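Notes to accompany the following structure.
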Amino acid sequence: MPELPEVEVTRRSFEGRIAGARIVGASLGKPLRWPLGCSVESLAGRRVLGVDRRGKYLLLRLDQGLLVLHLGMSGSLSFAPALPAGGPHDHFDLLTDAGQLRLHDPRRFGAVVWAPDDHAPVLDKLLGRLGMEPLADDFSLAAFKAGLKASRASIKRLLLAGRLVVGVGNIYASEALFLARIRPTTQARRIGPARAERLHAAIRSVLEQAVTAGGSTLRDFQAADGRSDVYGREGAPCHTCSTPIAMVRQGQRSSFFCPVCQRP
DNA sequence: ATTCTCACCTGCGGGC
DNA sequence: TGCCCGCAGGTGAGAA
C-alpha cells in the first residue's frame, strides 16, 4: 500500500491525536528491517511533539530524539485509545496516554528506528540522499529538468530511485508517466522540456489526487488507487484510445503503459 | 561516480 | 485439494 499518498494519509490520521502525548511503554514483535536502536524501556516518559514525513518515512518527533518509521511494502499503522491484543504480524506498539500506535507489517520490510537527535548517522543513512518533496514548494521544475538531463537511467527507474523526487512508487510512477504521455523505458536524459514539464505536473497531480482520495475514503487505500489508468491493467483497453495496455519488466518491477498514448 | 542486481519476508493467486 | 511458482505498493548494500 504505502507510496507517498498512503503514508501522508496515515500521518494525518493520527498526528493530531498523538501530538502532545506522553509515552508510557512500547513493545516489539518479530524483527523488522533494522533493529530499533534503543531499549523499549528508554522510550517511556518521552513526549511526542508531532509527526513529520520525509518521502515515505514518518518521523515521530519526541522531546528527546525521534522515531523513524517506514511501512515497507506491506506495513500499516493504526492508532486508537486501546487496540486489541496484537496478532502475529503486529511488530511494534507504542503506548501513550492518548492512545496506542501499532505497526502491522506481514512482510516486515518496514522499520522503526530510534535516532537520538537530528544529526544522528542513521538519519543521514536513511534520509540523506532523498530527493525533492513533490507536494512541497521545494519541487522545482528547473531542478527536475536538470535531474532528468543528468541521468542515463530509464525515467521509470529514476523516479523509483527517489534521489531526484521522493514518494513516487511503482503504481504512481506508471500513472504519472501515462498522464505525461512518456513511455517508462525512455531514457531520462532524452526527455525534452515540454515532456519534462508535463511529467513534473503529472507527478504532483497524481499524488495530490491520491492524498485527497485517501483522505476522503480514509483507511480504504484500495478504493483510493483502485481506478488506475494503467497500473495492473495489462491487456485492458486504454481509457484514452482503447489500445491494450502493455507491461514490461524494469529491474524486477512491472511497468504498465499504453503503446499508443506513450510513444517511445 | 552512477547504475544494476540482490536480498530481506510473508501471503496469495494461478497452473498443474 | 495440494504443491510449486511467480508476483506483490520499498530500498539499502554491494557488485558491476
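Not measured: the values here are computed from a predicted model. Each chain gets a letter, A, B and so on, in the order its sequence line appears, and its residues count up from 1.
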Look at A:Arg54 together with A:Glu133 and state whether they make a salt bridge at an N to O cut-off of under 4.0 Å.
yes
Quick one: do A:Leu127 and A:Leu59 satisfy side-chain contact (heavy atoms from CB on, under 4.5 Å)? Show the steps, please.
CA-CA 11 Å; A:Leu127 313 178; A:Leu59 309 173; 4.1 Å; yes
Strictly below 4.0 Å: does A:Gln252 bring a side-chain N or O up to OP1 or OP2 of B:dT5?
no
When A:Lys156, A:Glu175, A:Gln250 are each screened for side-chain hydrogen bond (donor to acceptor under 3.5 Å, both in side chains) with A:Asn170, the one that passes is A:Lys156
Just N and O in the side chain of A:Arg163: are any of them under 4.0 Å from OP1 or OP2 of C:dG12?
yes
Students often get this wrong, so: under 4.0 angstrom with heavy atoms, is A:Arg108 touching a base, only sugar-phosphate, or nothing?
sugar-phosphate
Reckon A:Ser254 has a side-chain N or O less than 4.0 Å from the OP1 or OP2 of C:dA8?
yes
Apply side chain to side chain donor-acceptor pair (under 3.5 Å) to A:Asp105 and A:His91, showing your working.
CA-CA 7 Å; A:Asp105 185 5; A:His91 303 301; over 6 Å; no
Below 4.0 angstrom from OP1 or OP2 of B:dT10, is there any side-chain N or O of A:Lys30?
yes
Would A:Phe109 count as stacked on B:dC8 if the rule is ring centres under 5.5 Å and plane angle under 30°?
yes
Can you tell me the distance, in whole Å, between the CG atom of A:Leu4 and the C1' atom of C:dT11?
15 Å
C:dG9: pairing nucleotide in any strand, Watson-Crick or G-U under 3.5 angstrom
none
Nucleotide opposite C:dA15 in a Watson-Crick or G-U pair, distances under 3.5 Å
B:dT3
Looking for any heavy atom pair under 4.0 Å, which part of the strands does A:Leu126 touch: base, sugar-phosphate only, or nothing?
sugar-phosphate
Given C:dA13, is OP1 or OP2 found less than 4.0 Å from the side-chain N or O atoms of A:Lys125?
yes
So, A:Arg61 and A:Asp118, do they make that salt bridge, N to O below 4.0 Å?
yes
Phosphate OP1/OP2 of C:dG10: any A:Arg107 side-chain N/O under 4.0 Å
no
I want to verify a distance call: between C:dG9, B:dC9, C:dG12, whose nearest atom is closest to the A:Met73 side chain?
C:dG9
Got a donor-acceptor pair under 3.5 Å from the side chain of A:Arg157 to the base of B:dT3?
no
At under 4.0 Å, does any side-chain N or O of A:Arg249 touch on OP1 or OP2 of C:dA8?
yes
Atom CG of A:Leu32 and atom P of B:dT10: how far apart are they, to the nearest Å?
11 Å
In terms of the angle between their ring planes, are A:His200 and A:Phe139 parallel, tilted or perpendicular, with boundaries placed at 30° and 60°?
parallel
Mind calculating the distance between NE2 (A:His70) and P (C:dG9) to the nearest angstrom?
14 Å
Rounded to whole angstrom units, what separation is found between the OH atom of A:Tyr57 and the P atom of C:dG10?
12 Å
C:dC3 versus B:dC9 - spacing of their P atoms, nearest Å
23 Å
Return yes when atom CZ of A:Arg190 has more than 12 non-hydrogen atoms of other residues, nucleotides or ligands closer than 6.0 Å, and no otherwise.
no
Residue-level proximity of residues 144-156 of chain A to DNA chain B when a heavy atom falls under 4.0 Å
A:Ser151, A:Arg152, A:Ala153
May I have the distance from A:Glu3 (atom CD) to C:dG10 (atom C1'), rounded to whole angstrom?
9 Å
So, OP1 or OP2 of C:dA8: does either fall under 4.0 Å of a side-chain N or O from A:Tyr231?
no
From the set B:dT5, C:dG9, B:dG11, return the single nucleotide nearest to any side-chain atom of A:His89.
B:dG11
Separation of B:dG11 P from A:His104 NE2 (nearest whole Å):
9 Å
Take atom CG of A:Asp105 and atom P of C:dA8, then tell me their distance rounded to the nearest Å.
18 Å
Take the protein atom CD of A:Glu8 and the nucleotide atom C1' of C:dG9, then report the distance between them rounded to whole Å.
17 Å
When you check the gap from the basic side-chain N to the acidic O, do A:Asp63 and A:Arg46 get nearer than 4.0 Å?
yes
Check the side chains of A:Arg249 and A:Ser254 for a donor-acceptor pair under 3.5 angstrom, ignoring hydrogens and angles.
yes
